[in-house]
Amino acid sequence: VQLQASGGGLVQPGGSLRLSCAASGSIGNINAMNWYRQAPGKSREWVAGTTTGGSTMYADSAKGRFTISSDNAKNTVYLQMNSLKPEDTAVYYCNAVGGGWYWGQGTQVTVSS
């Protein structure tokens, strides 16, 4: 399984970004996709997840501001991030679970004025 994350960038506080994670390879066993993030000097933390059954889950820090969704035809998972705050600054990683744990390369999100 290969995961390609994209969509990061520099945004002002209050702004929005949409991250994408395209999956390829042996994806038939994947049963969940997640977004994690890692800020400088901090541990990687889980942000949001979705299952092949359509369930979605969010960390408290993401509830009400972030939305995870998927396009099965494109084998792509998205993370729509609104009302961004400086504390959302981190490298965001996508993760796939099923037959193993798989990680994308990360995409930098910087929230700053």
S.K.: Just so I know, are the side chains of N95 and W101 near enough to count as touching, which here means a heavy-atom distance under 4.5 Å?
M.R.: yes
S.K.: Heavy atoms, side chains only, cut-off 4.5 Å: are T107 and S6 in contact?
M.R.: no
S.K.: Got a sec, which residues hit salt bridge (charged side-chain N to carboxylate O under 4.0 Å, His left out) with R44, two or more places apart in sequence or on another chain?
M.R.: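 Checked R44 against salt bridge (charged side-chain N to carboxylate O under 4.0 Å, His left out); zero matches.
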S.K.: Using the rule side-chain contact (heavy atoms from CB on, under 4.5 Å), only one of I68, T50, T67 pairs with L79; which is it?
M.R.: I68
S.K.: Between T89 and Q108, is there a side-chain heavy-atom distance shorter than 4.5 Å?
M.R.: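 The answer is yes, as the side chains (C-beta and beyond) meet within the 4.5 Å cut-off.
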S.K.: Report yes if the side chains of R37 and K42 come closer than 4.5 Å at any heavy-atom pair, otherwise no.
M.R.: no
S.K.: Side chains of N34 and W46 only: does a donor on one sit below 3.5 Å from an acceptor on the other?
M.R.: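 There is such a pair between these side chains.
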S.K.: With the side chain counted from C-beta on, respond yes when W35 and V77 share a heavy-atom pair under 4.5 Å apart, and no when they do not.
M.R.: yes
S.K.: Taking only residues at least two apart or on different chains, which pairs with a member in residues 22-86 satisfy disulfide (SG to SG under 2.5 Å)?
M.R.: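 Passing the test, one end in residues 22-86: no pairs.
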S.K.: Within the structure provided, determine whether M81 and V109 are in side-chain contact (heavy-atom separation under 4.5 Å).
M.R.: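 A side-chain contact under 4.5 Å exists here.
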S.K.: Please tabulate, one pair per line, all N/O donor-acceptor pairs under 3.5 Å involving side-chain atoms of residues 11-33, not counting sequence neighbours.
M.R.:
from: S16; atom 1: OG; to: N82; atom 2: OD1; distance (Å): 2.9

S.K.: Name all residues meeting the side chain to side chain donor-acceptor pair (under 3.5 Å) criterion together with Q4; count only those two or more places apart in sequence or in a different chain, and write none if there are none.
M.R.: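 Q4 satisfies side chain to side chain donor-acceptor pair (under 3.5 Å) with no other residue.
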S.K.: Write out all pairs satisfying salt bridge (Lys or Arg N to Asp or Glu O under 4.0 Å) with one or both partners inside residues 48-64, taking only residues at least two apart or from two chains.
M.R.: D60-K63
S.K.: Got a sec, which pairs hit ring-ring contact (aromatic ring centres under 6.0 Å, His included) with one end in residues 70-96, sequence neighbours left out?
M.R.: none
S.K.: How about Y36 and W103: are their ring centres within less than 6.0 Å of each other?
M.R.: yes
